[in-house]
Amino acid sequence: MVQGDYVHAFYEQEAETLYIDSRLPVEFFVKYFRLDDDLPCIFSSIDHDPYVHEAISKYRGLRLIRQDPWECLISYMIATASNIPRIMKSIEKLSRLLGREIVDEIYAFPEISALAACCGEDLCDCSLGFRARRLIKAARMIESGELDLYGLYDMDYFQAKQQLMNIEGIGEKVADCILLFSYGKMEAFPVDTHVDRVIRNYYSDSFEGPYTKPKMAEWARSYFGHYCGYAQQYLFYQHRREGKLGS
DNA sequence: AGCCAGGCGGTCA
DNA sequence: TGACCGCATGGC
């Protein structure tokens, strides 16, 4: 998930146990962390080889989230060619600058209109670099109705993806993140540098064809099945935790 | 100090 | 398709 999301202030997790702040209703957490998914069923469906088996065994508390599409879209546009500490700082600064204060010193993610009303220099303290202009442009496209963000729930994976990729700064990877983490489209399989390395290093035997993002995602759908998005999360997390050996 | 980042959009052969 | 580049800064 994207850290810096204000939700992090309302829960703590130890392994598979979630401690929630009673200021938010239980239903919120059930929805947000997809606690209504049938995890045992999903795990067995993607458990195709020793490598992914190790990941789903060791990191069993890891979940996909169901995040608001607007927040997810902006967050992953910010993540482009950046790193996690910096991403968290940018989102935090942006929320402090434009978001409503929810409780003491905890700020909500900015509304669409707030970002759409900005000019480039308004955001100069958020260390967004070349991303700032793109974010504002995206906000204005959504605010004007040129892109109906909340209409994408009713579209299939490929239609919705095409819509998202009309936005400057949203390509294959970012679109798949939004489709997976917000819309719950399980066909999405975001291929970033880490997942790219995992496939090249551990799945080169079963993967055929050019190492392009659409091809790797297509392979993942047929290899892991419908819940390949869960496989992506576990493979990504394992690679981040256990490092870059062999990459 | 200097390379590279949970990429994207463009160009070139 | 694959290999490159610029983009703007910050992290390590």
Side-chain angles (χ1 to χ4, degrees), chain A residues 1-5 8 55 59 62-65 67 69 71-94 96-97 109 118-139 141 147 161-183 185 188-204 207-220 228-247:
Chain A
M1 70 179 287
V2 176
Q3 305 294 330
D5 187 327
H8 78 276
Y59 303 115
L62 180 66
R63 299 301 156 85
L64 288 177
I65 59 168
Q67 194 179 29
E71 183 169 341
C72 188
L73 182 148
I74 295 299
S75 298
Y76 279 96
M77 287 182 74
I78 290 174
T80 295
S82 188
N83 53 68
I84 290 174
R86 184 181 175 190
I87 295 164
M88 292 195 294
K89 283 182 190 171
S90 288
I91 295 175
E92 170 63 25
K93 287 183 199 166
L94 200 60
R96 190 169 284 271
L97 182 69
F109 197 81
C118 285
C119 66
E121 47 183 83
D122 293 333
L123 305 183
C124 63
D125 290 331
C126 299
S127 31
L128 293 164
F130 63 87
R131 303 162 196 83
R133 195 179 57 83
R134 293 174 173 180
L135 297 190
I136 295 168
K137 207 171 165 185
M141 275 180 75
L147 174 65
K161 188 169 187 174
Q162 213 150 31
Q163 293 294 307
L164 290 172
M165 289 176 65
N166 283 333
I167 294 178
E168 183 187 338
I170 297 187
E172 287 285 341
K173 188 266 175 180
V174 172
D176 268 357
C177 285
I178 301 164
L179 291 165
L180 183 59
F181 304 136
S182 288
Y183 296 96
K185 308 243 183 250
F189 189 83
V191 179
D192 57 40
T193 53
H194 305 287
V195 174
D196 183 285
R197 286 169 190 165
V198 168
I199 294 176
R200 288 173 196 259
N201 294 340
Y202 297 96
Y203 292 100
S204 57
F207 182 82
E208 292 174 9
Y211 287 105
T212 63
K213 287 175 186 173
K215 286 295 176 192
M216 287 190 271
E218 192 183 324
W219 165 82
C228 65
Y230 268 95
Q232 190 273 2
Q233 273 304 273
Y234 277 82
L235 293 174
F236 169 83
Y237 190 69
Q238 177 172 245
H239 189 260
R240 292 244 19 155
R241 288 290 298 261
E242 301 175 19
K244 328 279 184 182
L245 44 144
S247 62

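For clarity, every value in this text was computed on a predicted model and none was experimentally measured. Order of the sequence lines fixes the chain letters, A, B, ..., with proteins taken first and strands second; residue numbering starts at 1 for each chain.
Remark: A:Phe181 engages A:Tyr76 in a ring pair (Phe, Tyr, Trp, His ring centres under 6.0 Å) (not counting sequence neighbours). With sequence neighbours excluded, the residues satisfying side chain to side chain donor-acceptor pair (under 3.5 Å) with A:Ser127 are A:Lys93. The ring pair (Phe, Tyr, Trp, His ring centres under 6.0 Å) check on A:Tyr234 picks up A:Phe43, with sequence neighbours excluded. Every side-chain contact (heavy atoms from CB on, under 4.5 Å) that A:Tyr237 has, sequence neighbours left out, goes to A:Tyr59, A:Leu62, A:Arg241. In this view, A:Gln163 satisfies the side chain to side chain donor-acceptor pair (under 3.5 Å) rule with no residue, not counting sequence neighbours. Listed by chain and number, the residues in a ring pair (Phe, Tyr, Trp, His ring centres under 6.0 Å) with A:Phe130 amount to none (sequence neighbours excluded). Take A:Tyr203 and apply the side chain to side chain donor-acceptor pair (under 3.5 Å) test, not counting sequence neighbours, and it matches A:Asp49. Taking the side-chain contact (heavy atoms from CB on, under 4.5 Å) definition, one finds that A:Pro214 meets it with A:Glu172, A:Thr212, sequence neighbours left out. Qualifying side chain to side chain donor-acceptor pair (under 3.5 Å) partners for A:Lys137, counting only residues two or more places apart in sequence or in other chains: A:Glu168.
Put simply, CZ on A:Arg197 is 10 Å from C1' on B:dC4, counting in whole angstrom units. Rounded to whole Å, atom P of B:dG6 lies 18 Å from atom CE of A:Met77. Distance, A:Arg131 CZ to B:dA5 P: 13 Å, rounded to whole Å. With rounding to whole Å, A:Asp125 atom CG is found 11 Å from C:dT9 atom P. Between the CZ atom of A:Arg133 and the P atom of C:dC7 there is a distance of 12 Å, rounded to whole Å. A straight line from CG of A:Leu73 to P of B:dG7 spans 16 Å, rounded to a whole angstrom. The distance from atom CG of A:Leu180 to atom C1' of B:dG6 is 13 Å, rounded to the nearest whole Å. Between the CD1 atom of A:Ile84 and the P atom of B:dC4 there is a distance of 18 Å, given to the nearest Å.
You can call A:Phe236 stacked on the base of B:dG6; the centres are under 5.5 Å apart and the planes sit within 30°.
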Close N/O contacts between protein and nucleotides 8-13 of chain B (under 3.5 Å):
residue : atom : partner  : partner atom : Å
B:dC8   : OP1  : A:Gly171 : N            : 3.0
B:dC8   : OP1  : A:Gly171 : O            : 3.4
B:dC8   : OP1  : A:Lys173 : N            : 3.4
B:dC8   : OP1  : A:Val174 : N            : 3.0
B:dC8   : OP2  : A:Lys213 : NZ           : 3.1
B:dG9   : OP1  : A:Gly169 : N            : 2.9

Are any protein N/O atoms closer than 3.5 Å to N/O atoms in nucleotides 10-12 of chain C? If there are, list each pair with its distance.
residue : atom : partner : partner atom : Å
C:dG11  : OP1  : A:Lys89 : NZ           : 2.6

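The side chain of A:Phe130 lies closest to C:dA8, out of B:dA5, C:dA8, B:dG6.
In DNA chain C, runs of at least 3 consecutive Watson-Crick or G-U pairs, each pair with both distances below 3.5 Å, span B:2-5 with C:9-12, B:7-13 with C:1-7.
A:Asp122 places none of its side-chain heavy atoms less than 4.5 Å from the side chain of A:Ile136. At a threshold of 4.5 Å between non-hydrogen side-chain atoms, the residues A:Arg134 and A:Met77 count as touching.
Remark: the separation of the P atoms in B:dG7 and C:dC12 is 16 Å, to the nearest Å. Taking the C1' atoms as reference points, C:dC5 lies 16 Å from B:dC3, given to the whole Å. With both ends at atom P, the span from B:dG2 to C:dA8 equals 23 Å, rounded to whole Å.
Of all heavy-atom pairs between A:Cys228 and A:Ala188, the closest is SG-O, 4.0 Å.
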